[in-house]
Amino acid sequence: MSAVRVRFAPSPTGFFHIGSARTALFNWLYARHTGGTFVLRIEDTDKERNSEQFVDLIYNSLKWLGLNWDEGPQVGGAFGPYRQSERAHIYKEYLEKLKAAGRTYEKDGATWFKLLGERHEVFDDHRKKTVTKVKVAPTVIDDLIRGRVERLEDEDFVIVRSDGNPVFHFVNVVDDIAMQITHVIRGEDHLSNTSKHVELFKAFGAPVPQFAHIPLILKSPEMGQGKMSKRDKGALVEEYQQKFFLPEALVNYISLLGWNPGDDREKMPVAEIVRLFELSGVNQSNAKFDGKKLANMNMTYLLEQPAERFLALAREYFATQPNNAAVTANEAYFREIMLLAQPKIKSIDDLGAYTGYFFTEDFAIDPKVKEKVMAKGDPKARLAELIAALPAMDFSSDAAIEAALKALAESKGLGFGDYQAVARLAVSGTNAGPSITSLFRVLGRERVQARFARFLAA
RNA sequence: GCCCUCAUCGUCUAUCGGUUAGGACAGGAGAUUCUCAAUCUUCAAAGCGGGGUUCGAUUCCCCGUGGGGGCACCA
């Protein structure tokens with residue numbers, strides 16, 4: 001068996017979305033699993049809709065996801081160039097082969113691919129025009145995921161437009177031949193096109209690659225009906241990058257859309273996915289995208305990040321935030337706060353909201369929380385007692401603070417909770433956060449004291 | 001309209017003809033806790049319909065139905 005060569009061939013006509021990422025991932029996984037070659041090819045033949053900005057986005061998204069390519073733009077390879085806009089001479093050469101074989105003709109200024117068989121005219125009432133049908137046997141597609149699929153390809157089709165530009169079906173097949181692609185792994189939306197491609201491969205006398213049409217990713221029920229498109233919220237890889245999702249969490253999640261390891265495992269390191277990935281394990285039905293499950297996956301990854309990685313991500317995140325008080329904060333202070341936040345947040349981009357009050361005295365008091373806290377007992381009195389106790393309190397550790405607070409509560413015949421809620425509100429403006437003892441210790445006596453006083457005065 | 005394709009909890013999925021149809025996310029309840037999360041326990045939740053084949057079908061076949069995709073001088 002010859003070495004596996006797969007390709008991911010996006011067209012830079014829009015943003016890079018989850019569906020593209022999954023197609024790229026499955027190609028990459030298969031290449032890595034088999035020790036084959038993963039080729040990146042940019043299908044930029046549609047001059048109208050292409051943009052260099054989208055080309056860069058493809059590179060950036062793939063790199064962010066960790067899907068490195070062995071051949072393609074930026075890295076080169078023996079079958080370049082890897083952008084279709086630079087391969088015109090190759091298409092010309094292949095077109096000549098087809099012409100020489102008598103498989104083309106000119107009509108309306110375009111070049112058409114000629115199917116073999118008897119011709120007859122027929123009126124197509126859906127398209128409302130007369131078309132020429134060719135009497136042919138059905139094209140057989142042997143698909144690694146779908147099984148045997150037959151489709152009647154019975155009309156000649158354009159391969160070079162009247163403006164001289166070759167069309168997708170043609171360049172796609174030429175490139176797959178020229179780049180010696182062995183497995184075409186792509187979305188099921190291409191299954192109907194595949195009969196055209198198979199006929200072209202045969203016309204070139206080239207071996208037909210193995211096809212593997214993977215199921216599509218559909219909108220989640222909240223997003224509506226149909227396949228997920230670039231316009232859907234949450235559909236763009238870029239969004240997750242900007243929200244500082246962990247790329248390995250996204251990769252893990254999308255690997256589970258249409259594939260599974262054959263047992264109950266879901267969270268797996270990518271190396272394990274590579275080890276287990278088989279095309280035969282890819283299922284046939286479309287999957288709906290579930291942002292909640294992705295978010296959960298991201299959280300579980302976040303929880304187990306080593307401190308240094310988490311801190312690096314946190315710094316990257318704060319660097320993009322307009323309020324950069326956290327960026328200029330004392331290094332040790334920043335570190336301590338972030339490590340308190342890590343086990344609590346669901347996503348890196350919660351960090352701003354979750355830790356804001358550590359970095360400014362001008363933090364908001366949540367009115368709903370305030371109402372709730374102030375309704376129970378006599379919180380102002382508790383706060384006054386805390387203020388009185390604070391100067392003598394041992395701030396050296398969480399345990400010391402806890403002991404002091406418990407002693408205070410006990411001396412008044414009250415519970416820890418009677419002090420905790422109001423203290424937290426005064427010091428952070430919210431009811432969510434690290435333990436009150438950590439809050440005291442990290443903020444320090446002076447800040448706590450000042451915030452208590454300010455809260456009482458307000 | 002024509003062609004292709006798919007069909008298990010709300011969602012992602014397991015099941016190689018015989019299971020109390022399992023797991024995960026989301027949801028409910030509880031435990032734990034100084035709050036909020038996390039965590040743990042627990043509850044609810046599925047074989048689209050109809051025919052076959054078979055001793056026995058979620059599983060195999062057919063027909064419906066429903067979903068998805070495609071039918072360009074887009075990719």
Side-chain angles (χ1 to χ4, degrees), chain A residues 9-14 43-46 48-50 84 107-112 124-127 138 141 143 145-147 149-155 157-169 171-172 187-195 213 215-218 220-222 225-227 253 256-267 283-297 299-300 303 341-346 350 354 369 373 401-402 405-406 409 415-425 428 430-439:
Chain A
S11 63
T13 54
E43 304 216 333
D44 52 352
T45 54
D46 184 354
E48 294 295 306
R49 297 197 298 160
N50 283 168
Q84 290 185 333
K107 191 176 102 187
D108 303 332
T111 305
W112 293 66
D124 181 323
D125 35 49
H126 183 60
R127 282 181 286 174
I141 301 156
D143 194 279
I145 294 167
R146 308 278 147 188
V149 176
E150 285 188 15
R151 193 173 178 281
L152 205 59
E153 192 63 50
D154 61 356
E155 276 181 49
F157 52 91
V158 170
I159 51 175
V160 181
R161 285 189 277 268
S162 50
D163 65 3
N165 289 311
V167 306
F168 161 73
H169 303 299
V171 296
N172 189 268
E188 200 220 45
D189 48 344
H190 286 289
L191 187 55
S192 298
N193 292 328
T194 306
S195 47
H213 286 95
L216 300 180
I217 300 176
L218 272 29
S220 63
E222 310 87 71
Q225 294 267 295
K227 81 170 167 175
Y253 173 71
L256 263 15
L257 257 22
W259 175 84
N260 67 78
D263 56 35
D264 282 344
R265 278 180 302 165
E266 295 198 327
K267 186 162 170 296
N283 56 220
Q284 306 177 88
S285 47
N286 296 338
K288 292 195 175 93
F289 181 79
D290 184 356
K292 290 231 182 82
K293 187 149 182 168
L294 204 206
N296 177 270
M297 184 70 81
M299 184 195 71
T300 61
L303 276 174
Q342 181 179 4
K344 302 279 202 158
I345 59 170
K346 292 185 181 299
D350 289 343
Y354 195 81
V369 175
V373 170
I401 295 167
E402 185 173 348
L405 289 175
K406 284 202 165 139
F416 196 118
D418 294 308
Y419 292 89
Q420 183 276 136
V422 67
R424 176 183 300 282
L425 178 66
S428 72
T430 176
N431 66 339
S435 69
I436 191 69
T437 54
S438 299
L439 234 34

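All chains are named by letter (A, B, ...) in the order of the sequence lines, taking the proteins before the strands, and each is independently numbered beginning at 1. Just so you know, these numbers use all the heavy atoms, side chains as well, and skip hydrogens, waters and symmetry mates.
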Side-chain touch [X]/[Y], heavy atoms, less than 4.5 angstrom:
X      : Y      : answer
A/F416 : A/I436 : yes
A/P138 : A/R151 : no
A/L256 : A/M297 : yes
A/Q284 : A/E188 : no
A/I159 : A/P166 : no

Of the nucleotides [options], which has the atom closest to the [X] side chain?
X      : options             : value
A/E266 : B/A14, B/C12, B/C6  : B/C12
A/K344 : B/C73, B/A37, B/U13 : B/A37
A/L303 : B/A38, B/G68, B/C73 : B/A38
A/S192 : B/A14, B/U35, B/G69 : B/G69
A/A287 : B/U35, B/U13, B/G22 : B/U13
A/K227 : B/G69, B/C36, B/C73 : B/G69
A/N193 : B/U11, B/G67, B/A75 : B/A75
A/R146 : B/C6, B/U13, B/A24  : B/C6
A/F168 : B/G67, B/A75, B/U5  : B/A75
A/S285 : B/A38, B/A7, B/G69  : B/A7

Taking pairing as Watson-Crick or G-U wobble with both contacts under 3.5 Å, can you name the mate of [N], or confirm there isn't one?
N     : answer
B/C25 : B/G10
B/U15 : none
B/G30 : B/C40
B/G49 : B/C63
B/U35 : none
B/G1  : B/C71
B/A57 : none

Of A/Y354 and A/A9, whose nearest nucleotide on RNA chain B comes first from the 5' end?
A/Y354
5' precedence on RNA chain B between A/A110 and A/L152 (nearest-nucleotide basis):
A/L152
Does [X] place a side-chain N or O at less than 4.0 Å from the phosphate oxygens OP1/OP2 of [N]?
X      : N     : value
A/Q284 : B/C6  : yes
A/Q225 : B/G68 : yes
A/N286 : B/C6  : no

Could you state the atom-to-atom distance from [atom1] of [X] to [atom2] of [N] in whole Å?
X      : N     : atom1 : atom2 : answer
A/L256 : B/C12 : CG    : P     : 12 Å
A/N283 : B/U5  : CG    : P     : 17 Å
A/K267 : B/C12 : NZ    : P     : 23 Å
A/H190 : B/G70 : NE2   : C1'   : 11 Å
A/I436 : B/U33 : CD1   : P     : 18 Å
A/K292 : B/A26 : NZ    : P     : 8 Å
A/L439 : B/A37 : CG    : C1'   : 14 Å
A/K288 : B/G68 : NZ    : C1'   : 9 Å

Checking all strands, does [X] fall into the base, sugar-phosphate, or nothing category for heavy-atom contacts under 4.0 angstrom?
X      : result
A/G258 : sugar-phosphate
A/G187 : nothing
A/S435 : base
A/S220 : nothing
A/G433 : base
A/P434 : base
A/N296 : sugar-phosphate
A/E155 : nothing

Nearest-angstrom distance, [atom1] atom, [N] to [M]:
N     : M     : atom1 : result
B/A14 : B/G70 : C1'   : 31 Å
B/U54 : B/U8  : C1'   : 22 Å
B/C62 : B/C43 : C1'   : 40 Å
B/G28 : B/A37 : P     : 11 Å
B/A7  : B/C12 : P     : 12 Å
B/U58 : B/G22 : C1'   : 14 Å
B/U33 : B/U15 : C1'   : 40 Å
B/U42 : B/C48 : P     : 29 Å

Decide side-chain hydrogen bond (donor to acceptor under 3.5 Å, both in side chains) for A/E153 and A/S195; before the verdict, give the C-alpha distance in whole Å, the side-chain angles of both, and the deciding distance to 0.1 Å.
CA-CA 6 Å; A/E153 192 63 50; A/S195 47; 2.5 Å; yes
Using a strict 4.0 Å threshold on nitrogen-to-oxygen distance, state whether A/D263 and A/R265 make a salt bridge.
yes
Salt bridge (charged side-chain N to carboxylate O under 4.0 Å, His left out) with A/D189: which residues, sequence neighbours excluded?
A/K227
Residue set satisfying side chain to side chain donor-acceptor pair (under 3.5 Å) with A/T430, at least two apart, ordered chain then number -> none
